[in-house]
Amino acid sequence: MDSVRMAPSASNRQDWEFILVDDHSLKEKLYRAANKQSFVREAPVVVAGVATDPDEVMSCGVNPGTVDLSIALDHLTLRAAEEGLGTCWIGAFDQGKTKELLNVPNGNKVIALMPLGYPKSELEPKDKTRKDLEEVINYNGF
Ligand SMILES: Cc1cc2nc3c(=O)[nH]c(=O)nc-3n(C[C@H](O)[C@H](O)[C@H](O)COP(=O)(O)O)c2cc1C
């Protein structure tokens, strides 16, 4: 979790909290709030990333809470991989039910859930389905 704490954030605001869920019955309820995605109840720990000032907007018009939490949780995915742990970004969950289950106060937003655990089998690198660079790179304008 220290990789998460050390992540950069807009103006170093660190407007975030992280909830580690390892209680079996709570994970079962979270699983139901997350479209019954099996790893939510199977993983030993599910990390919830919470933006504590989610309505803030930067001068560029972008909400920093979502960006900050995304960077922090991506630190977690990379650090976990170094440790031989598997993760999955979970964006398909019910915001209201999840906040209620985790006692997240109004005015905060759960940005993502992230199951964390040792994979049953060795992780093998697999081909990534991605757009070609030419499709996404532009020079000097869109
Ligand atoms: C914002 C976001 C939300 C996602 N939500 C889910 C999810 O709810 N369930 C899931 O299994 N994967 C989820 N993913 C994982 C993506 O589906 C996955 O990264 C993408 O299909 C590419 O697969 P790959 O990373 O294995 O190449 C999410 C990823 C992101 C970035």
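Here the structure is a predicted model, which is why all the values come from computation and not from measurement.
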Show every donor-acceptor pair shorter than 3.5 Å between a side-chain atom in residues 131-142 and any protein atom, with sequence neighbours excluded, or say none if there are none.
from, atom 1, to, atom 2, distance (Å)
Glu135, OE2, Asp132, N, 3.3

Name each donor-acceptor pair under 3.5 Å that joins a side chain in residues 99-121 to protein atoms two or more places apart or in another chain, with its distance.
from, atom 1, to, atom 2, distance (Å)
Lys99, NZ, Asn108, O, 2.8
Asn108, ND2, Pro105, O, 3.0
Asn108, ND2, Asn106, O, 3.4

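Contacts of Phe18 classified as ring pair (Phe, Tyr, Trp, His ring centres under 6.0 Å), with partners at least two apart in sequence or in another chain: Trp16.
Linking Ile, Leu, Val, Met, Phe, Trp and Tyr whenever their side-chain heavy atoms come within less than 4.5 Å puts Ile71 and Val62 in one cluster. Both Val50 and Phe93 belong to a common hydrophobic cluster when Ile, Leu, Val, Met, Phe, Trp and Tyr are linked at side-chain heavy-atom distances under 4.5 angstrom. One hydrophobic cluster holds both Leu76 and Leu85 under the rule that ILVMFWY side chains link at heavy-atom gaps under 4.5 Å.
One finds the CD atom of Glu42 at 10.5 Å from the CD atom of Glu28 (value rounded to the nearest 0.5 Å). Separation of atoms CD (Gln14) and CE (Met6) is listed at 9.0 Å; rounding is to 0.5 Å. Once rounded to the nearest 0.5 Å, the distance linking CG of Leu73 with CH2 of Trp89 reads 4.5 Å. Interatomic distance, Arg41 CZ to Lys36 NZ, rounded to the nearest 0.5 Å: 8.5 Å. Atom CG of residue Leu26 and atom CG of residue Leu30 lie 5.0 Å apart, to the nearest 0.5 angstrom. Atoms CG and NZ, from Asp22 and Lys27 in turn, are 7.0 Å apart once rounded to the nearest 0.5 Å.
Heavy atoms only, all atoms of each residue included: Ala80 and Thr87 are closest at CB-CG2, 3.7 Å. Minimum heavy-atom separation, Arg13 to Asp68: NE-OD2, 4.2 Å.
Neither side chain, Thr129 nor Asp127, offers a donor N or O lying under 3.5 Å from an acceptor on the other.
Contact check for Asn63 versus Asp55: no side-chain heavy atoms found under the 4.5 Å cut-off. Taking the side chain as every heavy atom from C-beta outward, Leu78 and Ser3 never approach each other to under 4.5 Å. Val47 is listed as a side-chain neighbour of Met1, based on a closest heavy-atom distance under 4.5 Å.
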How far apart are the C-alpha atoms of Tyr31 and Val46, what are their side-chain angles, what is the distance that settles it, and do they pass the side chain to side chain contact (heavy atoms under 4.5 Å, CB included) test? CA-CA 10 Å; Tyr31 151 81; Val46 178; over 6 Å; no
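Within a 6.0 Å radius of CD in Glu17, other residues, nucleotides and ligands contribute 12 heavy atoms or fewer.
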